[in-house]
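Below is one structure, written out as structure tokens; the observations come after it.
Note on naming: letters A, B, ... go to the chains in the order of the sequence lines (proteins, then strands), and numbering restarts at 1 for each one. Everything quoted here is computed from the prediction, not taken from an experiment.
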Amino acid sequence: MRLSVYFLPTLKETPSEASIVSHRLMLRSGMIRQSSAGIYSWLPLGLRVLKKIERIVREEQDRAGAQEVLMPTIQPADLWRESGRYDAYGPEMLRIKDRHDRDMLYGPTNEELITEILRGSVKSYKDLPKNLYHIQWKFRDEVRPRFGIMRGREFLMKDAYSFDLDYEGAKRSYNKMFVAYLRTFERMGLKAIPMKADSGPIGGDLSHEFVILADTGESEVACHKDFLDNDWLKDVDIDGGLQPTVDAFTEKYAATDGERDAAKEKELGGDLVTARGIEVGHIFYFGTKYSEAMNCRVMGPDGGEAALEMGSYGIGVSRLVGAVIEAFHDDDGIIWPESVAPFKVGLINLKVGDAECDKSCENIYAMLQDHGVEVLYDDREERAGAKFADMDLIGLPWQLVVGPRGLKQGVVEVKFSDHKANTRAKEELPLEAALKRIMV
RNA sequence: CGGAGCGUGGCGCAGUCUGGUAGCGCACUACACUGGGGGUGUAGGGGUCGUAGGUUCAAAUCCUAUCGCUCCGACCA
């Protein structure tokens with residue numbers, strides 16, 4: 001993509017409405033634009049990141065055996081009356097009426113809808129298990145939206161729903177999602193820690209929030225220090241027995257704000273870590289709560305009818321964009337992990353109009369594209385400083401800087417922004433060597 | 001929903017107390033100089049001062065209402 005034609009409205013100054021760093025950087029780097037409180041438009045750069053995150057989530061869901069569907073944003077109120085949640089949900093739910101004066105709502109979640117789909121078409125235990133997910137916009141009319149995209153009213157969420165015949169099956173489904181979540185976040189460069197969460201009226205221990213640690217996180221969390229540098233995800237057989245893996249994660253102490261246990265923390269002593277956290281996912285077993293209420297049953301092997309055992313599994317897809325930025329940035333801008341970066345390489349032509357520079361950049365640009373490398377080529381007639389500042393702001397992993405001075409000496413500058421080390425390192429290399437480094 | 005604050009050109013702000021017909025920086029346009037970390041100069045363009053009503057000879061400024069947005073708290077992916 002040529003920057004001269006790309007819609008990338010970067011801001012030198014920070015808009016006054018943004019207080020936290022991810023919100024500031026998303027506005028400044030031209031990723032999003034606010035429409036109204038907690039509701040945003042996604043501009044080209046931001047949308048690219050959103051799509052990358054969405055793709056990772058999708059791939060890991062598919063890998064774990066979940067199947068993608070797409071349910072509507074607008075749902076009929078009657079469905080929610082069946083489960084009793086139409087009245088229970090409160091003003092967070094956006095209620096609307098259609099032209100026939102029918103009660104509708106903009107879905108804040110989809111348990112009712114998915115249960116209705118299943119009850120009409122799943123009749124036998126032989127049809128189980130099933131896990132269906134979709135990635136869809138949700139709306140929750142938060143009293144006080146804040147933190148930009150991290151806590152908007154409209155947000156993109158992956159929600160999966162598992163259906164099993166019995167508790168053992170439900171637990172297997174739960175474990176699959178548990179491991180899939182660890183993988184999903186890891187691929188985004190994030191260290192997500194599964195923390196014991198409120199399991200509601202159902203009880204039990206099958207409810208975990210996945211929290212990433214970031215200094216600017218929204219709440220205080222605590223966990224065993226082993227979580228910070230574990231490697232337990234290796235060699236997991238997702239179709240085989242996941243219980244040992246899940247046990248390895250869940251036997252160590254980790255708790256969100258409301259679930260913390262002072263006695264256990266005291267016991268841990270120096271092994272205890274407290275930090276700020278951002279919740280990016282939540283998995284939850286809730287048994288037959290909806291299947292009973294909505295009459296979603298199958299015939300079991302014993303000839304008796306049973307309500308399905310269900311669980312739901314959410315990932316805040318749009319929130320993750322902000323969470324990644326909270327985790328990876330410096331004073332100059334964002335530092336994207338390559339897996340979610342909007343482009344892999346930023347190519348800077350320091351002197352547009354200079355025959356050598358232009359030729360060299362055009363060659364590099366074409367070559368990278370031929371190799372399937374996503375490259376953003378700054379071919380604008382801007383000052384060098386402006387180009388550097390913009391590139392650092394949008395935070396691509398690799399920058400390739402081509403200028404007349406370097407070309408005379410047969411070198412270009414490679415700048416690697418390392419999200420793990422939180423550094424941006426520059427190095428002058430011959431072009432061939434530079435390309436080699438970038439393309440490995 | 002309780003508490004606080006803010007709406008003035010695309011962005012950041014001053015002007016409001018003490019009423020006199022709108023200003024600064026950045027960005028934008030043109031030209032020149034410049035050219036490896038947001039450069040300099042000259043000349044320009046752009047604003048019903050959130051909206052509605054009121055007071056007044058005169059309102060960004062005073063009064064009333066209303067809408068929007070932000071921050072702190074309680075609540076949530």
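Between the Arg119(A) side chain and the Cys296(A) main chain, no donor and acceptor come within less than 3.5 Å of each other.
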Measure all distances between protein nitrogen or oxygen atoms and nitrogen or oxygen atoms of nucleotides 74-77 of chain B, and list the pairs falling under 3.5 Å.
| unit_1 | atom_1 | unit_2 | atom_2 | d |
| --- | --- | --- | --- | --- |
| A74(B) | N6 | Arg146(A) | NH2 | 2.9 |
| C75(B) | O2 | Arg151(A) | NH2 | 2.7 |
| C75(B) | N3 | Arg151(A) | NH1 | 3.2 |
| C75(B) | N3 | Arg151(A) | NH2 | 2.7 |
| C75(B) | N4 | Arg146(A) | NH2 | 3.0 |
| C75(B) | N4 | Arg151(A) | NH1 | 3.3 |
| A77(B) | OP2 | Glu279(A) | OE1 | 3.4 |
| A77(B) | O3' | Glu279(A) | OE1 | 3.1 |
| A77(B) | O3' | Glu279(A) | OE2 | 2.2 |
| A77(B) | O2' | Glu279(A) | O | 3.4 |
| A77(B) | N6 | Gly152(A) | O | 2.5 |

What N/O pairs connect the protein and nucleotides 25-31 of chain B at under 3.5 Å? Give each pair on its own line.
| unit_1 | atom_1 | unit_2 | atom_2 | d |
| --- | --- | --- | --- | --- |
| G25(B) | N2 | Glu13(A) | OE1 | 2.8 |

Throw together a table of side-chain donor-acceptor distances under 3.5 angstrom for residues 426-440 of chain A, partners on residues two or more places apart or in other chains.
| unit_1 | atom_1 | unit_2 | atom_2 | d |
| --- | --- | --- | --- | --- |
| Glu427(A) | OE1 | Arg437(A) | NH1 | 2.4 |

Per-pair distances, 0.1 Å, donor-acceptor, side chain in residues 345-352 of chain A, under 3.5 Å, sequence neighbours excluded:
| unit_1 | atom_1 | unit_2 | atom_2 | d |
| --- | --- | --- | --- | --- |
| Asn349(A) | OD1 | Lys351(A) | N | 3.0 |
| Asn349(A) | ND2 | Asp358(A) | OD1 | 2.9 |
| Asn349(A) | ND2 | Tyr377(A) | OH | 3.2 |

If you look only at distance, which donor and acceptor atoms sit under 3.5 Å apart when one is on a side chain in residues 414-421 of chain A and the other is two or more places apart or in another chain?
| unit_1 | atom_1 | unit_2 | atom_2 | d |
| --- | --- | --- | --- | --- |
| Lys415(A) | NZ | Asp392(A) | OD1 | 3.0 |
| Lys415(A) | NZ | Asp392(A) | OD2 | 3.2 |
| Asp418(A) | OD1 | Lys420(A) | N | 2.9 |
| Asp418(A) | OD1 | Ala421(A) | N | 3.3 |

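Less than 6.0 angstrom separates the ring centroid of His282(A) from the ring centroid of Phe284(A).
In this structure Glu13(A) satisfies the side-chain hydrogen bond (donor to acceptor under 3.5 Å, both in side chains) test with no other residue, sequence neighbours excluded. Residues that satisfy the side-chain hydrogen bond (donor to acceptor under 3.5 Å, both in side chains) test with Glu259(A), not counting sequence neighbours, are absent from this structure. For the side-chain hydrogen bond (donor to acceptor under 3.5 Å, both in side chains) test, residues two or more places apart in sequence or in another chain that qualify with Trp80(A) are Gln75(A). Applying the side-chain hydrogen bond (donor to acceptor under 3.5 Å, both in side chains) criterion to Lys97(A), with sequence neighbours excluded, gives Asp103(A).
The listed nucleotides are G37(B), G36(B), C11(B); the one nearest the side chain of Pro15(A) is C11(B). Among the nucleotides C69(B), G37(B), G36(B), the one closest to any side-chain atom of Glu413(A) is G36(B).
For RNA chain B, the residues of residues 339-368 of chain A within the heavy-atom distance limit of 4.0 Å (strictly under) are Leu350(A), sorted by number. Contacts between residues 24-34 of chain A and RNA chain B, counted as heavy-atom distances below 4.0 Å, involve Arg28(A), Gln34(A).
The salt bridge (charged side-chain N to carboxylate O under 4.0 Å, His left out) contacts involving residues 104-114 of chain A comprise Arg85(A)-Glu111(A), Arg85(A)-Glu112(A), where partners must be two or more places apart or lie in separate chains.
Donor-acceptor pairing under 3.5 Å, judged by distance alone, is absent between the side chain of Lys387(A) and the base of G35(B).
Here U70(B) sits opposite A4(B) as a Watson-Crick or G-U wobble pair (both hydrogen-bonding atom distances under 3.5 Å).
Following rounding to the nearest Å, Leu400(A) (CG) and G36(B) (C1') show an atom-to-atom distance of 14 Å.
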